Number of protein chains: 2
Amino acid sequence: MYQQIADEIRGQIVAGDLEPGAKLPTEAEMRSAYDVSRETVRKALNLLVNEGLVVSARPQGHFVRRREPMIFRPQTEFRKRPHSPEMDAFATEHSAEGREPRQVIEVAIVEPPAEVAKRLQLKAGDLVAIRKRVRYLDGEPFNINDSYFPLDIVRDSEIMRPEDITRGANEVLAELGYRQVRALDELYVRMPQPEEVKRLELPPGTPVGYHITTGFTAEGRPVRVATTVLPGDRHVISYERGLETPGEEA
Amino acid sequence: MYQQIADEIRGQIVAGDLEPGAKLPTEAEMRSAYDVSRETVRKALNLLVNEGLVVSARPQGHFVRRREPMIFRPQTEFRKRPHSPEMDAFATEHSAEGREPRQVIEVAIVEPPAEVAKRLQLKAGDLVAIRKRVRYLDGEPFNINDSYFPLDIVRDSEIMRPEDITRGANEVLAELGYRQVRALDELYVRMPQPEEVKRLELPPGTPVGYHITTGFTAEGRPVRVATTVLPGDRHVISYERGLETPGEEA
DNA sequence: TTGCCCGCATTGACTGGACAATGGCGTCAG
DNA sequence: CTGACGCCATTGTCCAGTCAATGCGGGCAA
């Protein structure tokens with residue numbers, strides 16, 4: 001029965017009868033409209049909230065959720081910065097859309113999590129340098145980006161300083177003799193962990209993409225692992241590929 | 001308070017104290033353990049269900065959710081089939097992992113949805129051929145893959161027949177004179193629509209990746225749009241890239 | 001031994017009620 | 001006119017209880 005209520009409202013949302021930002025009837029109104037108890041109405045609303053269609057703003061009511069994703073291009077991070085050299089890759093990508101970027105950088109030396117150690121082919125006890133970044137757009141948290149480097153190759157380099165690296169960390173790695181020529185990308189789709197919910201201020205019903213890039217040198221050594229947590233409501237992941245002709249084999 | 005209960009159980013799950021498949025305490029047990037009402041316990045469980053950590057099997061109880069993703073490689077769909085030619089790209093990719101693939105194909109001529117028409121650069125009223133596929137693995141639905149082709153270039157071709165195309169629809173397109181040399185991939189992360197929940201038998205708390213590929217010929221004409229709905233609990237999206245050196249510009 | 005049926009534990013759905021928290025808005029005082 | 005205060009509509013949290021649905025497993029009959 002609460003499913004039916006949810007279905008009806010969901011229908012109005014997808015049909016456009018209720019536009020993004022529109023206010024839904026209050027619980028009391030729906031209660032009398034459908035002649036059910038308040039808890040039943042709330043269950044219907046809870047469904048829609050968990051589907052990411054509705055947000056609740058106490059005590060204003062429930063509203064149809066707005067959605068304005070930005071474009072995330074993993075490839076762009078490796079292109080030459082076309083414009084203002086004082087902006088890093090992130091700023092360049094998004095400032096064009098008229099929003100103000102900002103990022104908070106933290107640097108540390110840690111034992112890497114297992115999934116990172118595996119991809120960097122480290123032995124137990126090996127340490128890594130980690131650059132943790134939370135990126136903001138117009139003051140709102142946008143994504144979390146953590147880059148891991150084997151400690152022995154970045155020790156004392158610019159990468160250890162908690163400041164923007166204008167020309168990109170990848171260029172610094174190249175200057176150190178570890179130019180990346182190949183990357184393996186993996187993407188998981190899942191619900192966020194509570195810590196991610198807090199750091200990214202995610203409303204309920206917001207899944208995230210968890211993107212892991214491993215960068216390799218020409219010799220095949222992995223020298224960088226970057227993980228990005230991408231809130232689904234703020235991102236489109238986009239990339240371009242050339243296609244192999246079916247005659248050749250990789 | 002129900003948050004605290006959820007936190008505690010979540011902690012046990014991520015710490016590994018509760019292994020995948022393990023049975024949680026019953027609602028009654030938790031009710032007396034925490035000395036709260038049943039509704040409060042259920043609210044905590046509902047949180048975990050929507051986070052994708054727990055599934056409920058009535059009337060057996062609640063269980064820690066299992067997760068065994070398969071690897072999805074958009075690039076592989078363009079490689080020459082290395083092994084058994086009677087399997088299409090999908091079967092080849094997954095049969096190696098010892099599971100039995102199957103797919104149901106449907107072909108139709110329709111007016112394309114707006115997001116497809118836009119990518120195929122069609123005029124209003126232009127029709128497309130659509131190949132709708134639901135793919136199964138070991139009898140379980142795995143993903144939904146719909147491919148759209150401009151009707152004028154595939155009319156009367158093999159693509160209109162609702163059967164497996166062993167050598168791949170892309171090869172057929174190439175034989176028709178429309179070899180694709182470039183593709184644009186977009187990926188959205190969102191919660192599934194009710195229809196997708198039904199077709200893919202998605203448990204609550206399962207987000208999906210919505211993958212749209214547009215294939216272009218050397219002349220720059222889009223000749224194929226493929227959309228794939230990828231349940232987050234069954235997929236890892238994976239691809240490899242060569243990296244441009246920062247000296248050159250794309 | 002085999003097969004059927006029913007009980008029972010467990011979760012799902014719904015009700016009615018109570019109190020708390022929040023933020024806007026109107027009112028009132030300075 | 002301005003600022004502070006308090007009302008109030010609305011959602012959040014929690015409780016106690018009732019009945020329904022489900023599937024396993026034990027008991028009973030053939």
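Just so we're on the same page: letters track the sequence lines, and every chain starts at 1. Computed from a predicted structure; not experimentally measured.
Side-chain contact between Arg131(B) and Ile159(B) is present, with heavy atoms from C-beta onward closer than 4.5 Å.
Taking only side-chain nitrogens and oxygens, Arg38(B) never comes nearer than 4.0 Å to OP1 or OP2 of dG12(C). Taking side-chain N and O atoms only, Lys43(B) has no distance below 4.0 Å to OP1 or OP2 of dC14(D). Put simply, Ser56(B) has a side-chain N or O that comes within less than 4.0 Å of OP1 or OP2 on dG12(C). The side chain of Arg42(A) places no N or O atom within less than 4.0 Å of a non-bridging phosphate oxygen (OP1 or OP2) of dT11(D). Between Tyr2(A) and dA13(C), a side-chain N or O to OP1/OP2 separation shorter than 4.0 Å is present. Proximity of Thr40(A) to the phosphate of dT15(C): a side-chain N or O atom is located under 4.0 Å from OP1 or OP2.
For the pair Arg135(B) and Phe142(B), the NZ or CZ position fails the cation-pi test of under 6.0 Å to the six-membered ring centre and within 45 degrees of the ring normal. A cation-pi arrangement is not found for Arg224(B) relative to Tyr148(B), the charged atom failing to lie both closer than 6.0 Å to the ring centre and inside a 45° cone about the ring normal.
Taking every side-chain heavy atom of Arg58(B) into account, dA20(D) is the closest of dA20(D), dA9(C), dT10(D). Among the nucleotides dA16(D), dG23(D), dA13(C), the one closest to the side chain of Met1(A) is dA13(C).
Projected onto DNA chain D by closest heavy-atom contact, Glu29(A) and Val36(B) fall at different nucleotides, the more 5' of which corresponds to Glu29(A). The 5' end of DNA chain C is approached more closely, in terms of each residue's nearest nucleotide, by Ala57(B) than by the other of Ala57(B) and Pro59(A).
Atoms CD (Glu39(A)) and C1' (dT13(D)) sit 9 Å apart, rounded to a whole Å. Between the CD1 atom of Ile5(A) and the C1' atom of dA13(C) there is a distance of 12 Å, given to the nearest Å. Here dG12(D) presents its P atom at 19 Å from CD of Gln4(B), a figure rounded to the nearest Å. When the P atom of dT10(C) is taken as reference, atom CE of Met30(B) falls 14 Å away, rounded to whole Å. Note: CD (Glu27(A)) to P (dT11(D)) measures 5 Å, nearest angstrom. Here dC14(D) presents its P atom at 14 Å from OH of Tyr34(B), a figure rounded to the nearest Å. Counting to the nearest Å, the P atom of dT15(C) and the CG atom of Asp35(A) are 8 Å from each other. If you take CG of Leu45(B) and P of dT11(C), they are 8 Å apart, rounded to a whole angstrom.
Taking the six-membered ring for Trp and the full ring otherwise, His211(B) and Tyr188(B) have centroids separated by 6.0 Å or more.
Judged by distance alone, the side chains of Thr213(A) and Arg119(A) never bring a donor and an acceptor atom under 3.5 Å apart.
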